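Data block below; observations after.
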Amino acid sequence: KAGVTQTPRYLIKTRGQQVTLSCSPISGHRSVSWYQQTPGQGLQFLFEYFSETQRNKGNFPGRFSGRQFSNSRSEMNVSTLELGDSALYLCASSLAASRRGTEAFFGQGTRLTVV
Amino acid sequence: TQLLEQSPQFLSIQEGENLTVYCNSSSVFSSLQWYRQEPGEGPVLLVTVVTGGEVKKLKRLTFQFGDARKDSSLHITAAQPGDTGLYLCAGASGNTGKLIFGQGTTLQVKP
């Protein structure tokens, strides 16, 4: 069974640019969540998509957005990049259909560096 | 706002020692998960606990969920260098994919 695949693994962008990250969940998982990980703040929840609908949202500015396609693949977009957006962006997939179904399986992450 | 306080933040011990990591909150969680993360990689799920008072064992690792489902602990017996890494607890409310993470415990086990 294939795991969660995130692309690209590494990205370097300039301030003001925008970026799109991609995530393919485990087959059969309908929930995809995105997290930002930084040394100072740890892992922070960005948003969750379930069956193509945003089901939960964290406390991030509107520059952070996402979407989910009918095959459950998800993309995350960050517009007008700031230096503080440099982080490891993690995607997690889960069944999210029961208490044990909240177990999250993470991809390897995308390391975004904003210069 | 739900928060998970994880302690200690850093732990450096000798091979063979025992250790306990704590995860505490004032909020009730429907389930709690423990993950281990290596540098540059995504977290890997170790265990999920859903019932208050539940105890789960994974070889030398013992996980416990508090009776009130507000806290959890991870105990490692006879730590080995291979246990080195970042340990994260994460709580879920309801059946959604949203997880609240603790700040993490960086464990270093010296041979």
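Labels below follow one simple rule: chain letters A, B, ... track the order of the sequence lines, proteins then strands, and each chain is numbered from 1. None of these values were measured; they are calculated from a predicted model.
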Chain A contact via Q37(B) - side chain, backbone, both or neither, heavy atoms under 4.5 Å: side chain
More than 12 heavy atoms from other groups under 6.0 Å of CD1 on I12(A): no
ILVMFWY cluster, F45(A) and W34(A) together (side-chain gap under 4.5 Å): no
Shortest non-hydrogen contact between S33(A) and K98(B), atoms and distance: OG-N, 4.3 Å
Largest heavy-atom contact set with chain B, pairs under 4.5 Å, which of Y35(A), Y49(A), F105(A): Y35(A)
Heavy-atom contact with chain B under 4.5 Å, split by part of Q37(A): side chain
Y22(B) atom OH, neighbour heavy-atom count above 12 within 6.0 Å: no
Atom CG of N71(A) with >12 non-hydrogen neighbours under 6.0 angstrom: yes
Whether over 12 other heavy atoms sit under 6.0 Å from K57(B) NZ: no
Closest heavy-atom pair and its distance - P43(B), L43(A): CG-CD1, 4.2 Å
Heavy-atom proximity to chain B below 4.5 Å, by part of Q108(A): both
Portion of I100(B) that has a non-hydrogen atom of chain A nearer than 4.5 angstrom: neither
Same cluster (ILVMFWY, side-chain, under 4.5 Å), L58(B) and I76(B): yes
CZ/R60(B): more than 12 non-hydrogen atoms of other groups inside 6.0 Å: yes
Heavy-atom contact with chain B under 4.5 Å, split by part of L90(A): side chain
Y35(B) vs F106(A) side-chain heavy atoms within contact, under 4.5 Å: yes
Separation of E103(A) CD from L45(B) CG (nearest 0.5 Å): 5.0 Å
